[in-house]
Amino acid sequence: MVDRDEANAPLIGEHEPATVENDGHRISQEHDSTSPSAFIWALTFAAGISGLLFGYDTGVISSTLVSIGTDLGHPLTTLDKSIITSCTSLGALIASPITGILADKFGRRGIILAADVLFTAGALGQTVTVSVPGMVVGRTVVGFAIGGASLVVPLYISELSPSASRGRLVTLSILFITLGQVVAYFVGYILSMQSGGWRWMVGLGAAPAVLQFGLMLVLPESPRWLVKADKTQEAQKILRKVYAARVDTIVDKVLRAIKTEIAEEEATGDDVSKAVSGNRAQVWLASIRNGSAELFYVGMNRRALTIACLLQGLQQLCGFNSLMYFSATIFSLLGFYSPTMTSLSIAVTNFTCTLIALLITDRVGRRRILLLSVPVMFSGLVTCSIAYECLGRPTLGAEPFTKTMDPDTRSPWAVVILIAMIIYVCGYAIGIGNIAWQQSELFPLSVRSLGSGLATATNWGSNFVVGLTFLPMMEYLTPAWTFAVYALVCAIGWMCAWRIYPETKGLGLEDVRGLLKDSYGIQESLRRAKIRDP
Ligand SMILES: O[C@H]1[C@H](O)[C@@H](O)[C@H](O)[C@@H](O)[C@H]1O
C-alpha cells in the first residue's frame with residue numbers, strides 16, 4: 001500500500017509538475033521530456049519484430065494465393081481463397097481478448113514469447129502442408145500469434161516508454177508492420193516466379209520469430225506490470241535503464257506515480273483477492289469478472305473503451321485492408337501491365353507515410369493529426385468513387401466486376417484511381433493507421449490489457465468483415481458505391497472522433513485517466529496541450 005501523503009505528492013516531471021483543476025479533481029500534469037535511452041530503442045526494435053511478422057504474414061497471402069496452383073491437391077476455388085485469407089483475421093479476433101486477460105496474469109513478455117512459438121509453428125505448418133485444411137490450420141495458428149502480438153507489443157512498449165516519446169515508439173512498432181508488408185510484397189514478387197516458391201514465402205516467417213524469441217529472453221518485463229505483481233525492486237532496476245539520464249529524480253517519481261495508481265485502484269475496492277476466498281483459479285476468474293465489471297461500469301474506463309473501439313473500428317471499416325489484400329486484383333482489373341508492381345506502390349506509400357507519422361506524432365498530437373488526416377482519406381475515396389463512375393458502368397457495373405480491362409486501351413481514369421488511392425493511403429498511414437494502436441494509453445493499469453484486448457478484437461472483427469465483403473460489394477454494389485461507403489465511414493468516424501477523442505500527447509499514462517474521469521475531457525486536454533506547447 002502507498003501512503004496517502006506520498007500518493008498526493010507531485011508526480012512525474014523533469015520540472016515540478018504543474019497541476020490543473022478538472023471539475024474538482026487535482027490532476028498531476030506529467031510532462032516528462034526524457035528522450036529515449038539506447039536501451040529503450042533496443043527494446044522497441046526487438047519487440048517491433050512482432051510487427052514485422054504481423055505485416056509479413058498478412059501481406060504475403062496475396063502472392064501466396066496466386067502461386068499455390070494445384071500444390072494443395074486441386075486448383076484453389078474462390079471459397080478456398082476466402083477461407084485461407086480470412087481464417088487469419090478470425091484467429092487474431094479470437095486471440096486478442098484472451099491475450100488481454102493472459103497478459104495480466106503472465107506478463108507482457110511471456111505473451112510475446114508464446115506468440116513467437118505460434119508464429120514459428122504456423123509458418124512451418126504452412127510450409128509442409130499438402131492440403132487446404134492444413135493450410136487453414138497453419139494460417140489460423142499464425143492468426144492467434146498476430147492477435148496476441150498486435151495487442152501486447154504496443155502495450156509493452158507504451159508501458160516502458162518515457163511519456164514524451166511514447167507515441168513515437170508505439171508508432172515505430174507500426175512502422176515494422178508496414179515494413180513487413182513491403183517485404184512480403186517483394187518476396188512474393190520474386191518467389192512467385194519459382195515453382196513451389198510459395199512454400200518459402202510462408203516458411204520465411206519463422207526466421208524473425210526465432211530471432212525475437214532469443215532477444216526477448218534477455219529483455220525485461222514491463223515495470224508497470226512488475227509493480228502490480230509486487231516486484232517493485234525489479235521494476236526500479238528496469239526504470240533506471242529506461243531513464244538512463246536522471247536516475248534519482250525521474251525513476252522515483254515514475255515509480256511513485258505507478259504505485260499511486262495501484263493504490264487508488266485498491267482504495268476503490270477492486271482488490272478481489274481480498275474479497276474472494278478460494279483457490280488461485282477462483283481468485284483469477286473472479287479478478288477477470290471484476291476487471292470486466294470495472295471496464296464497463298466505471299465511467300472513465302467505459303469512455304476509454306469507447307474511444308479505443310471507435311478508433312480501431314474506423315481503422316479497419318474505412319476499407320484500407322481491402323487494398324492490402326486485393327490491390328493486385330484491382331490493378332489487374334483496371335488494366336495495369338504489372339499489377340503486383342503497381343500494388344507495391346500502395347505498400348511503399350503506407351510505409352513511407354508511417355515513417356512521417358513517426359516523426360510528428362509526439363510533436364503535433366494524436367487528435368490534431370487524426371482530424372486533419374481523415375479528410376485527406378475522405379477526399380481520396382470520393383475521388384476514387386467518382387473516377388470509377390467516370391470509367392463507365394458498361395465495363396465495371398453492368399458487366400461483372402471480374403472482367404479485366406485490356407492494358408492497351410486502358411482508360412486515363414484508371415490512373416486517376418491509382419493516384420486517389422495513394423492519397424487515401426497517405427492520409428491513412430499518417431493518421432488512423434497508427435493512432436488507433438496508441439490505445440493502451442487511454443486505460444488505467446487495472447483494465448489496460450483487458451480494454452486493449454477488446455479494442456484489438458474490434459480491429460480484427462472489422463478487418464474480417466472488410467476482407468469478406470470487399471469483393472462482393474465491388475461486384476454487386478459497384479466499385480463507385482463501395483468506395484463511397486468507405487468515404488461515409490470516414491465522415492462518420494471523423495465526427496465521432498471530433499466529439500470524443502481528447503489530445504493525449506505528452507501525458508503520463510497515469511494522467512490520462514484523470515482526463516476521462518467525468519467526461520471525454522476534450523476541452524481540458526486542449527487546454528493542457530496549450531500549456532505544454534504554448
Ligand atoms: O496499423 C496497421 C497498418 O496500418 C497496416 O498497414 C494495416 O494492414 C493494419 O491493418 C493496421 O492495423
Side-chain angles (χ1 to χ4, degrees), residues 48 50-62 85-86 88-93 95-96 142-143 146-155 157-158 167 169-185 308-328 343-358 361 366 369-370 373-374 376-377 421-422 424-440 452 455-468 470 486 489-490 493:
S50 297
L52 196 75
L53 287 161
F54 167 174
Y56 184 83
D57 282 310
T58 50
V60 84
I61 192 62
S62 60
T85 307
S86 51
T88 308
S89 318
L90 200 61
L93 170 63
S96 41
V142 165
I146 294 177
S150 63
L151 161 79
V152 93
V153 168
L155 181 70
I157 295 175
S158 74
L169 294 172
V170 172
T171 307
L172 186 62
S173 70
I174 310 306
L175 188 70
F176 273 100
I177 301 178
T178 58
L179 179 65
Q181 287 168 333
V182 173
V183 172
Y185 272 61
C309 290
L310 164 76
L311 298 181
Q312 290 288 18
L314 175 61
Q315 189 197 74
Q316 296 301 321
L317 295 175
C318 69
F320 174 79
N321 279 306
S322 56
L323 297 191
M324 231 353 121
Y325 302 147
F326 304 110
S327 56
S343 53
L344 194 62
S345 66
I346 298 286
V348 171
T349 307
N350 190 25
F351 172 74
T352 316
C353 291
T354 309
L355 199 62
I356 298 174
L358 182 75
T361 302
R366 314 6 168 183
I369 294 178
L370 189 69
S373 60
V374 174
V376 175
M377 294 165 66
M421 280 180 181
I422 287 181
Y424 161 70
V425 173
C426 286
Y428 173 87
I430 288 179
I432 192 67
N434 67 81
I435 285 172
W437 290 116
Q438 310 282 348
Q439 58 188 10
S440 44
S452 306
T456 307
T458 308
N459 178 297
W460 286 109
S462 314
N463 182 315
F464 180 65
V465 169
V466 167
L468 219 57
F470 177 70
Y486 294 147
V489 170
C490 286

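Indexing begins at 1, ligand by ligand and atom by atom, following the structure's order. In what follows, every heavy atom counts, from backbone to side chain, and hydrogens, waters and symmetry copies are set aside. Computed from a predicted model, the values in this text were never measured in an experiment.
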Per-atom contacts of ligand 1 with [X], taking only distances under 4.0 Å to non-hydrogen atoms:
{"X": "Tyr428", "value": "4 (O), 7 (C), 11 (C)"}
{"X": "Phe320", "value": "6 (O), 7 (C), 8 (O)"}
{"X": "Asn350", "value": "6 (O)"}
{"X": "Ile174", "value": "1 (O)"}
{"X": "Trp437", "value": "1 (O), 2 (C), 11 (C), 12 (O)"}

For this session: Check the angle between the aromatic planes of Phe320 and Tyr428 and answer parallel, tilted or perpendicular using the 30° and 60° thresholds.
Result: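 Rings of Phe320 and Tyr428: parallel, under 30°.
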Exercise. Of Thr361, Asn350, Leu179, Asn434, which is the lone residue that meets side chain to side chain contact (heavy atoms under 4.5 Å, CB included) with Ile174?
Worked result: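 Considering Thr361, Asn350, Leu179, Asn434, a side chain to side chain contact (heavy atoms under 4.5 Å, CB included) with Ile174 is found only for Asn434.
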Exercise. Do you know which of Asn459, Leu151, Leu155 makes side chain to side chain contact (heavy atoms under 4.5 Å, CB included) with Trp437?
Worked result: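 In the set Asn459, Leu151, Leu155, the residue that makes a side chain to side chain contact (heavy atoms under 4.5 Å, CB included) with Trp437 is Asn459.
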Problem set entry | Set of ring-ring contact (aromatic ring centres under 6.0 Å, His included) partners for Phe464, sequence neighbours left out |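 Per chain and number, Phe464 pairs via ring-ring contact (aromatic ring centres under 6.0 Å, His included) with no residue.
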Exercise. Going by heavy atoms, is Thr58 under 4.0 Å from ligand 1?
Worked result: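 Distance cut 4.0 Å: Thr58 fails for ligand 1.
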For this session: With rounding to the nearest 0.5 Å, note down the distance linking CD1 in Ile422 to CD1 in Ile346.
Result: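 Between Ile422 CD1 and Ile346 CD1, I get 5.5 Å after rounding to 0.5 Å.
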Problem set entry | Nearest-0.5 Å distance, OG of residue Ser327 to CG of residue Asn321 |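 Atom-to-atom, Ser327:OG and Asn321:CG are 10.5 Å apart.
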Exercise. So, Thr456 versus Gln439: side-chain donor-acceptor pair below 3.5 Å or not?
Worked result: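 A donor-acceptor contact under 3.5 Å links the two side chains.
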Exercise. Can you tell me which residue and heavy atom of the protein come closest to atom 1 (O) of ligand 1, and the distance to 0.1 Å?
Worked result: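 Ranking protein heavy atoms by distance from atom 1 (O) of ligand 1, first comes Gly433 O, 2.5 Å.
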Problem set entry | Protein heavy atom at shortest distance from atom 11 (C) of ligand 1 |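 Closest protein heavy atom to atom 11 (C) of ligand 1: Gln315 OE1, 3.4 Å.
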Any N/O of [X] closer than 3.5 Å to an N/O of ligand 1?
{"X": "Gln316", "result": "yes"}
{"X": "Asn321", "result": "yes"}
{"X": "Met324", "result": "no"}
{"X": "Gln181", "result": "yes"}

For this session: Under the side-chain contact (heavy atoms from CB on, under 4.5 Å) rule, collect the residues that match up with Leu370, sequence neighbours excluded.
Result: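 Checked Leu370 against side-chain contact (heavy atoms from CB on, under 4.5 Å); matches are Leu311, Val374, Ile432, Ile435, Ala497, Tyr501.
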For this session: Identify the heavy atoms of Trp460 and Gly147 that sit nearest to each other, and give their distance.
Result: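 Looking at all heavy atoms of both residues, the shortest contact is NE1-CA, 4.2 Å.
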Exercise. What do we get for Thr354 next to ligand 1 when only non-hydrogen atoms under 4.0 Å count, side chain, backbone, both or neither?
Worked result: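 Thr354 to ligand 1: no contact under 4.0 Å from either part.
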